[in-house]
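Note that the structure is a prediction, hence the values are computed from the model and not measured. Positions are given from 1, in the same order as the sequence printed here. For the numbers below, each heavy atom of this structure counts, side chains included, while hydrogens, waters and symmetry mates do not.
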Amino acid sequence: MADKEKFRVKLEFDNVGLASVLFGAQNANLDLISRQSGVRIESRGNSLQLISENEELIDPVAKAFTQLYKLLKSGKEVFPQDVEAAYRILCRDPQADLIKIFRDELFAVSPKKTLTPRTLTQRAYFSAIRENDMVFSVGPAGTGKTYLAVAMAVYALQRKEVNRIILTRPAVEAGEKLGFLPGDLVDKVNPYMRPLYDALYDMLDMGKVQDMIEENIIEIAPLAFMRGRTLSNAFVILDEAQNTTPEQMKMFITRLGFGSKAVVTGDITQIDLPNRDPSGLVEAVNILRDVRGISFIKFEDSDVIRHPLVARIVKAYDSYECRGGK
């Protein structure tokens with residue numbers, strides 16, 4: 001097709017400095033979106049020209065850069081992962097309002113951390129936790145399932161909506177044998193709990209976290225420690241739930257007491273149970289799907305907010321497994 005028959009859209013930005021931030025170092029953001037969209041993006045000074053043989057391909061690219069520029073002008077930071085997330089959101093929902101999504105600072109978790117939903121699914125996740133006493137969050141690594149749940153737990157604690165936070169995981173080795181671990185019982189299970197500690201330390205000062213653990217305001221324990229308890233006035237998170245057995249899952253979700261919320265997170269493509277035992281998470285999703293008061297949030301590879309390479313890795317593995325591992 002001759003070049004004159006191609007569709008062209010020109011975008012002008014009135015601030016050269018902000019345009020440079022939007023385009024990325026050495027136009028890295030432009031190159032990223034060009035590869036993903038198939039749209040040729042040419043920059044000159046503070047303007048862009050979007051070129052494609054398919055007009056529909058240009059629309060989400062133009063909207064992404066236009067809305068992100070408005071976000072920059074409002075004083076908000078825009079990171080490379082935000083540019084990619086913005087494009088993905090608009091591909092899925094052409095009417096999405098990025099300004100509202102990215103500027104809606106859901107809450108200041110602490111003086112150290114303020115969080116904003118980065119995808120429509122994350123936004124739905126926040127709403128689900130606010131509006132329901134139990135939420136199941138299923139999806140691949142890097143989508144924020146655990147991190148955002150911990151953030152909501154800290155927020156609820158700061159607002160005195162709950163008296164304590166309980167974080168738990170099944171102690172299942174992820175495809176490797178850890179062998180003998182020295183120390184007492186706490187020392188032995190701590191390696192399994194490390195991702196939960198990491199999330200807390202990112203939101204609160206390490207000393208404060210340690211004080212809250214000593215005062216039992218925050219409890220981080222293996223799932224086996226939940227048996228026989230009633231968890232009242234607490235924000236309870238079960239992480240890596242794909243590695244629970246059906247019996248463990250039933251035990252956990254029936255621990256919920258008055259004034260409590262529970263968030264269950266997991267990735268059903270990463271089940272590490274021995275002997276191919278059935279996953280309690282898979283069974284619970286099927287059994288509880290229509291139970292009032294329980295919400296189910298499904299994250300996709302397009303919701304991955306880690307390094308852009310992670311989303312491509314997840315997608316490649318999904319494609320490989322869909323072909324039967326061939």
Side-chain angles (χ1 to χ4, degrees), residues 6-15 18-19 21-24 29-41 43 46-107 114-132 135 137-140 142-145 148 152 295-306 308 311-312 314-315 318:
K6 292 185 178 180
F7 294 96
R8 295 171 179 267
V9 171
K10 188 174 183 179
L11 304 177
E12 294 275 0
F13 306 102
D14 57 11
N15 185 307
L18 293 180
V21 172
L22 181 63
F23 299 171
N29 293 340
L30 305 185
D31 293 340
L32 172 65
I33 300 304
S34 180
R35 287 195 303 271
Q36 292 205 359
S37 65
V39 173
R40 192 162 92 241
I41 304 176
S43 66
N46 58 338
S47 67
L48 293 179
Q49 187 154 198
L50 313 180
I51 305 167
S52 175
E53 295 177 2
N54 186 340
E55 188 176 17
E56 292 181 357
L57 297 180
I58 294 178
D59 186 60
V61 177
K63 286 180 176 177
F65 284 116
T66 300
Q67 293 191 46
L68 287 173
Y69 181 71
K70 290 179 181 178
L71 198 64
L72 282 167
K73 289 195 72 174
S74 73
K76 296 305 234 183
E77 290 185 274
V78 171
F79 300 98
Q81 60 265 36
D82 296 331
V83 177
E84 186 178 22
Y87 171 70
R88 291 199 307 261
I89 288 169
L90 286 161
C91 284
R92 294 168 63 181
D93 180 5
Q95 304 306 316
D97 184 352
L98 295 181
I99 310 301
K100 186 174 181 180
I101 292 172
F102 284 84
R103 287 194 64 187
D104 179 17
E105 291 187 351
L106 190 71
F107 51 80
T114 298
L115 284 185
T116 302
R118 290 302 191 202
T119 71
L120 294 177
T121 310
Q122 284 190 357
R123 191 177 182 85
Y125 189 31
F126 282 128
S127 296
I129 294 174
R130 280 171 161 169
E131 297 166 7
N132 297 273
V135 176
S137 164
V138 179
T143 51
K145 302 184 304 295
L148 297 177
M152 288 293 279
S295 179
F296 296 87
I297 300 294
K298 189 174 189 302
F299 287 92
E300 307 288 350
D301 59 86
S302 58
D303 294 303
V304 172
I305 303 297
R306 290 181 181 170
R312 296 197 290 274
V314 170
K315 190 172 184 178
D318 287 346

>> Give me the atom names and distance for the closest heavy-atom approach of V39 to S52.
In response: CG2-CB, 4.2 Å

>> I'd like to know whether T143 forms a side chain to side chain contact (heavy atoms under 4.5 Å, CB included) with T121, so could you lay out the CA-CA distance, the side-chain angles of the two residues, the decisive distance to 0.1 Å, and finally the verdict.
In response: CA-CA 9 Å; T143 51; T121 310; over 6 Å; no

>> Is the shortest side-chain heavy-atom distance between N29 and F23 below 4.5 Å?
In response: no

> Any side-chain heavy-atom pair from R40 and Q49 closer than 4.5 angstrom?
Replying inline: no

>> Quick check: do I89 and Y87 have side-chain heavy atoms less than 4.5 Å from each other?
In response: no

Report all side-chain donor-acceptor pairs from residues 63-71 shorter than 3.5 Å, counting only partners two or more places apart or in another chain.
{"unit_1": "K63", "atom_1": "NZ", "unit_2": "D59", "atom_2": "OD2", "d": "3.3"}
{"unit_1": "K63", "atom_1": "NZ", "unit_2": "P94", "atom_2": "O", "d": "2.9"}
{"unit_1": "T66", "atom_1": "OG1", "unit_2": "A62", "atom_2": "O", "d": "2.8"}
{"unit_1": "Q67", "atom_1": "OE1", "unit_2": "L98", "atom_2": "N", "d": "2.8"}
{"unit_1": "Y69", "atom_1": "OH", "unit_2": "D14", "atom_2": "N", "d": "3.2"}
{"unit_1": "Y69", "atom_1": "OH", "unit_2": "D14", "atom_2": "OD1", "d": "2.4"}
{"unit_1": "Y69", "atom_1": "OH", "unit_2": "N15", "atom_2": "N", "d": "2.8"}

> With side chains defined as the heavy atoms from C-beta onward, is the minimum distance between L32 and Q36 less than 4.5 Å?
Replying inline: yes

>> Counting C-beta onward and ignoring hydrogens, is there a side-chain heavy-atom pair between I41 and V61 closer than 4.5 Å?
In response: yes

> Should Y125 and M152 count as side-chain neighbours, where that means a heavy-atom distance under 4.5 Å?
Replying inline: no

> How many angstroms lie between atom OG of S127 and atom CG of N132, to the nearest 0.5 angstrom?
Replying inline: 10.0 Å

> So, K145 side chain and G139 main chain: donor-acceptor pair closer than 3.5 Å or not?
Replying inline: yes

>> Using side-chain heavy atoms (C-beta onward) and a distance below 4.5 Å, is K10 in contact with S47?
In response: yes

>> Could you check whether any side-chain heavy atom of L48 comes within less than 4.5 Å of a side-chain heavy atom of F13, counting everything from C-beta outward?
In response: yes

> Is atom CD of E56 surrounded by more than 12 heavy atoms (other residues, nucleotides or ligands) closer than 6.0 Å?
Replying inline: no

> If you measure from CZ on R88 to CD on E300, what distance do you get to the nearest 0.5 Å?
Replying inline: 11.5 Å

>> Checking the side chain of S34 only, and the main-chain atoms of L30 only, is there a donor and an acceptor separated by less than 3.5 Å?
In response: no

>> Can you tell me how far apart CD1 (I297) and OG (S137) are? Round to the nearest 0.5 Å.
In response: 7.5 Å

>> Within this structure, what is the CD1-CZ distance for the pair I51 and R8, rounded to the nearest 0.5 Å?
In response: 4.0 Å

